[in-house]
Student: 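I'd like to ask you about the structure that follows.
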There are 2 protein chains.
Amino acid sequence: MKHIAESTVRRLSLYLRFLEQSRREGKDTISSGDLAGLGGTTSAQVRKDLSFFGSFGTRGLGYSVSALSRRIREILGLEREWRVVIIGAGKIGAALAQYRGFADRGYRIVGIYDVAPARIGVSLDGITVRDQKELEGDAARLKPEIALLAVPPTAAQTLVERAAKAGIRGILNFAPAQIHAPAGVEVRHVDMALELEILSYALTNARKK
Amino acid sequence: MKHIAESTVRRLSLYLRFLEQSRREGKDTISSGDLAGLGGTTSAQVRKDLSFFGSFGTRGLGYSVSALSRRIREILGLEREWRVVIIGAGKIGAALAQYRGFADRGYRIVGIYDVAPARIGVSLDGITVRDQKELEGDAARLKPEIALLAVPPTAAQTLVERAAKAGIRGILNFAPAQIHAPAGVEVRHVDMALELEILSYALTNARKK
DNA sequence: GTGGGCTTGTGAATGATTTCACAAGTTACA
DNA sequence: TGTAACTTGTGAAATCATTCACAAGCCCAC
């Protein structure tokens, strides 16, 4: 398959939300224009995005809400369950553990790890926090595929390496740190401070837009 | 000033981190190549990004770490303090309240709001959670400029409007919901579920890269 | 089954961003 | 002072992403 732009994948994920919302509202079909209206984009953009993966619509009618939902879930890899561990049981890790949005989409939290003795043994959302030294040992049993990394920036790199050794192939990093991942491990960043800085840039330079 | 791409602003924010790290390591000057190595980019990219705002370097030598830091802070609007309220005192709101990364950069939390009676009156990181109905009334006293919105998706739109009435000009939205902002209000999204979906897309389609 | 009204899918055009490549400026040092 | 080694700043070229525009296809009503 040709390489797909990240911006396209991101929009696909949004379209899926709108499709699920439309399904709840009882709609059977939806046009590219409707989908575009819900997100902040254009109908041409929607059709182009979908066209990279095939043609799912019916001319004159639009897209079947259920068929397109299913197809996008398939594209995004959401038709299977993903086994996720949380590394770092501080405030952010704890918030992630109970975040409904993950479970709803087939991301199953199978383990939570920390360093601090005070946190080890505590139960978060039904899962007992374990020492992060156990991560590699637990891997055979838990088979984690994705890690949510919520540790202080200085600890991030070490834990990426430990996660990789435990067989983890994808890391969503919440630490404000640049990390270097071993080959074959995909890393994405959720960087709240950085987003806030982009926001303050926008506010500071608002007039010139 | 010409319009600056978001990707450029995002990298600027990263460069600032690397500059601060370099300062801690005692470096006085840094070259575009060094900066590029720390982020995942190229020296030409670094120089091009900076060139939109002026020329800060010295040929043959590179950039002064302290002067460039100061200049980037200025561009991003970080030379002043920003007054921030958190809307939603659930797990995510609570995690945001104590997140060090914000305070370090001059974002001062001046208020926290929620709907749930059980949460109102509780103190989070030294700030008492108040009823979100008070947001507009408190505005004259607190003068909030930015809101961190951490409420359930269904409540997000209503609170955006309330925040706008309280004079807030920038919103960082953590709810997985598309929201429509009044004119003059800037909205950015931090969407963890969406990032996780992009990650599972990457893992599902890893071979074809 | 025919026509009108919609909507898709997609090449081509445009616009935006990144990379290239190199002249020009600076330092270090003999 | 002269030269070697670096590094910036920046047009031009290349690449990547979005928008345009329209032929082709389908539904529905009659």
Side-chain angles (χ1 to χ4, degrees), chain A residues 1-15 18-19 22 27-69 71-72 75 198 201-202 205 208-209, chain B residues 1-15 18-19 22 27-69 71-72 75 198 201-202 205 208-209:
Chain A
M1 193 193 288
K2 207 176 57 204
H3 177 253
I4 304 295
E6 183 188 311
S7 50
T8 293
V9 179
R10 167 169 261 112
R11 283 189 299 264
L12 239 38
S13 185
L14 276 177
Y15 301 155
F18 301 142
L19 286 165
S22 298
K27 291 209 184 98
D28 283 341
T29 61
I30 192 168
S31 73
S32 57
D34 295 344
L35 270 175
L38 293 170
T41 183
T42 67
S43 65
Q45 180 79 79
V46 172
R47 295 197 302 277
K48 181 64 90 180
D49 285 340
L50 296 176
S51 78
F52 293 125
F53 300 95
S55 36
F56 316 125
T58 313
R59 297 179 183 208
L61 190 60
Y63 301 89
S64 148
V65 170
S66 64
L68 186 57
S69 296
R71 193 68 185 88
I72 293 182
I75 292 166
I198 299 175
Y201 170 83
N205 302 277
K208 293 117 183 177
K209 200 205 260 166
Chain B
M1 190 194 291
K2 208 176 60 207
H3 177 252
I4 304 293
E6 181 188 313
S7 50
T8 293
V9 178
R10 167 170 259 112
R11 282 188 301 263
L12 239 39
S13 183
L14 275 179
Y15 301 156
F18 302 143
L19 285 165
S22 298
K27 291 209 183 99
D28 285 341
T29 61
I30 192 168
S31 71
S32 57
D34 295 344
L35 271 175
L38 293 169
T41 181
T42 67
S43 65
Q45 180 80 80
V46 172
R47 295 198 302 278
K48 182 63 93 182
D49 285 339
L50 296 176
S51 78
F52 293 126
F53 300 95
S55 36
F56 315 127
T58 313
R59 296 179 182 208
L61 190 60
Y63 302 89
S64 148
V65 170
S66 63
L68 187 57
S69 295
R71 193 69 186 87
I72 293 181
I75 292 167
I198 299 176
Y201 170 83
N205 302 278
K208 293 117 183 178
K209 201 203 266 167

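These figures come from a predicted structure and were not determined experimentally. Order of the sequence lines sets the chain letters (A, B, ...), proteins ahead of strands, with each chain counted from 1.
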Student: When the nearest nucleotide of DNA chain D is assigned to Arg59(A) and to Ala44(A) on a heavy-atom basis, which residue is associated with the more 5' position?
Tutor: Ala44(A)
Student: Under 4.0 Å between any heavy atoms, over every strand shown, what does Thr41(A) touch: base, sugar-phosphate, or nothing? Just pick one.
Tutor: nothing
Student: Taking atom types as modelled and ignoring hydrogens, do the side chains of Ser43(B) and Arg47(B) form a donor-acceptor contact shorter than 3.5 angstrom?
Tutor: yes
Student: Less than 4.5 Å apart, side chain to side chain, heavy atoms only: is that true for Val9(B) and Ile75(B)?
Tutor: no
Student: With heavy atoms of chain A within less than 4.0 Å as the criterion, where does contact along DNA chain D begin and end?
Tutor: dA17(D) to dC26(D)
Student: Specify the residue among Lys48(B) and Thr42(A) whose closest nucleotide of DNA chain D lies further upstream toward the 5′ end.
Tutor: Lys48(B)
Student: Are Leu68(A) and Ile72(A) packed together at the side-chain level, in the sense that at least one heavy-atom pair is separated by less than 4.5 angstrom?
Tutor: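 When only atoms from C-beta onward are counted, Ile72(A) and Leu68(A) do touch, with a gap below 4.5 Å.
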Student: Treating Asp34(B) as the side-chain partner and Ile30(B) as the backbone partner, does any N or O pair qualify as donor plus acceptor under 3.5 Å?
Tutor: no
Student: Between atom CZ in Arg10(B) and atom P in dA16(C), what is the gap in whole Å?
Tutor: 19 Å
Student: Under a 4.0 Å heavy-atom cut-off, which of residues 28-36 of chain A touch DNA chain C?
Tutor: Ser31(A), Ser32(A)
Student: Within the 4.5 Å heavy-atom criterion, are Leu12(B) and Ile198(A) side-chain neighbours or not?
Tutor: no
Student: Are Thr58(B) and Tyr63(B) close enough that some pair of their side-chain heavy atoms sits under 4.5 Å apart?
Tutor: no
Student: Short question: side chain of Ser22(B), backbone of Phe18(B) - any donor-acceptor pair under 3.5 Å?
Tutor: yes
Student: Please check if the side chain of Ser69(A) supplies one atom and the backbone of Val65(A) the other of a donor-acceptor pair under 3.5 Å.
Tutor: yes
Student: Just the rounded figure in Å: distance from C1' of dA23(C) to CZ of Arg47(B).
Tutor: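 The answer, rounded to whole Å, is 13 Å.
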